[in-house]
Novice: 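Before anything else, here's the structure in question.
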Amino acid sequence: QVQLVESGGGLVQAGGSLGLSCAASGRTPSSYAMGWFRQAPGKEREFVAGIHRSGHITSYGDSVKGRFTISRDYTKNTLYLQMNNLKPEDTAVYYCAGRGGNYWSRIPGEYDYWGQGTQVTVSS
């Protein structure tokens, strides 16, 4: 079992920045590929970013490419999402997720573990 706890959400103006963290604990969290997803009211959960188990390969959703950066710190068992140039359409609950194996997935159902989510609100 792996437990994931997100933090760092909040309210920010458009054009601003925000950093999210996801603290992992439990059974060897470093053995998992990780991802960030988000879900806005009335919408499906959307892939935001993914990172390889090694931390050396990353992938981003088209809507955040060039603005968001995913990273992980193995010494702290923590996953990060740095969000820059935020837009009102980035408003959502953001979730971190982990799955066994080397690579992330863009499909929420292919993840084994989820955090409780953290709200990000971007005002115009």
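Note that the structure is a prediction, hence the values are computed from the model and not measured. Because only heavy atoms are used, hydrogens play no part in the values below, and waters and symmetry mates are left out as well, while side chains stay in.
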Novice: Report the C-alpha separation of I51 and I57 in whole Å, then their side-chain angles, then the decisive distance to 0.1 Å, and conclude whether the side chain to side chain contact (heavy atoms under 4.5 Å, CB included) test is met.
Specialist: CA-CA 6 Å; I51 189 165; I57 309 171; over 6 Å; no

Novice: Can we say K87 and D90 salt-bridge, meaning some charged N sits less than 4.0 Å from an Asp/Glu carboxylate O?
Specialist: no

Novice: Say whether M34 and F47 are linked into one hydrophobic cluster, either directly or through other cluster members, by side-chain heavy-atom distances under 4.5 angstrom.
Specialist: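 No, separate clusters.
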
Novice: Measure up the Y111 and F37 rings against each other and bin them: parallel (under 30°), tilted (30 to 60°), perpendicular (over 60°).
Specialist: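 Perpendicular, since the angle between the ring planes exceeds 60°.
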
Novice: What do the steps show when you test T58 against Y60 for side chain to side chain contact (heavy atoms under 4.5 Å, CB included), and what is the final call?
Specialist: CA-CA 7 Å; T58 59; Y60 297 91; 3.6 Å; yes

Novice: Find the distance between CG (L20) and OH (Y94) and round it off to the nearest 0.5 Å.
Specialist: 7.5 Å

Novice: About how many Å separate CG of L4 and OG1 of T78, when rounded to the nearest 0.5 Å?
Specialist: 10.5 Å

Novice: Using a 6.0 Å distance limit plus a 45 degree cone around the ring axis, check whether R45 lies over the aromatic ring of Y95.
Specialist: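 Yes, cation above the ring, under 6.0 Å and within 45°.
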
Novice: Is a side-chain donor or acceptor of E110 paired with a backbone partner of S105 at a separation under 3.5 angstrom?
Specialist: no

Novice: Can you name the closest pair of heavy atoms from L81 and A49 and give their distance?
Specialist: CD1-CB, 4.2 Å

Novice: Taking R99 for its side chain and A33 for its backbone only, find out whether a donor-acceptor pair lies under 3.5 Å.
Specialist: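 No: the side chain of R99 does not pair with the backbone of A33.
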
Novice: Shared ILVMFWY cluster between V12 and V93, side chains joined below 4.5 angstrom?
Specialist: no

Novice: Run the side chain to side chain contact (heavy atoms under 4.5 Å, CB included) check on Q116 and V5 step by step: do they pass?
Specialist: CA-CA 7 Å; Q116 82 288 350; V5 179; 4.1 Å; yes

Novice: Drop me the distance from Y113's OH to C96's SG, to the nearest 0.5 angstrom.
Specialist: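 Reported to 0.5 Å precision, the distance equals 13.5 Å.
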
Novice: For the residue pair F68 and L86, establish whether any side-chain heavy-atom pair is separated by less than 4.5 Å.
Specialist: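 Yes, at least one pair of side-chain atoms sits under 4.5 Å.
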
Novice: Consider only side-chain N and O atoms of Q82 and T69, and report whether a donor and an acceptor are under 3.5 Å apart.
Specialist: no

Novice: We want to know whether N84 and S17 form a side-chain donor-acceptor pair, criterion being a heavy-atom distance below 3.5 angstrom.
Specialist: yes

Novice: Can a side-chain donor-acceptor contact be found between R38 and T91 if the only test is distance below 3.5 angstrom?
Specialist: no

Novice: Over all heavy atoms of both residues, which pair between A24 and V2 is shortest? Give the atoms and the distance, please.
Specialist: CB-CG1, 4.4 Å

Novice: What is the distance from atom CD of E46 to atom CG of D62, rounded to the nearest 0.5 Å?
Specialist: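 CG of D62 is found 9.5 Å from CD of E46.
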
Novice: Supply the atom-to-atom distance Q1 CD to Q3 CD, rounded to the nearest 0.5 angstrom.
Specialist: 6.0 Å

Novice: Does NZ belonging to K43 count more than 12 external heavy atoms closer than 6.0 Å?
Specialist: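 Open.
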
Novice: Could you tell me the separation between the OH atom of Y32 and the CG atom of N77, rounded to the nearest 0.5 Å?
Specialist: 12.0 Å

Novice: Show the numbers, then the answer: is there a side chain to side chain donor-acceptor pair (under 3.5 Å) between Q13 and S124?
Specialist: CA-CA 6 Å; Q13 288 189 333; S124 56; over 6 Å; no

Novice: Could you tell me whether the side chains of S54 and H52 share a donor-acceptor contact shorter than 3.5 Å?
Specialist: yes

Novice: Using a 4.5 Å cut-off on heavy atoms from C-beta on, say whether the side chain of Y103 contacts that of S59.
Specialist: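 S59 vs Y103: side chains apart.
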
Novice: Distance under 6.0 Å and angle within 45° of the ring axis: does R53 meet both against W104?
Specialist: no

Novice: Could you check whether any side-chain N or O of R72 sits under 3.5 Å from a backbone N or O of K76, counting only pairs where one atom can act as donor and the other as acceptor?
Specialist: no

Novice: Start with the C-alpha gap between Y80 and D73, add the side-chain angles, then the distance that decides, and say whether side chain to side chain contact (heavy atoms under 4.5 Å, CB included) holds.
Specialist: CA-CA 8 Å; Y80 301 98; D73 184 334; 3.8 Å; yes

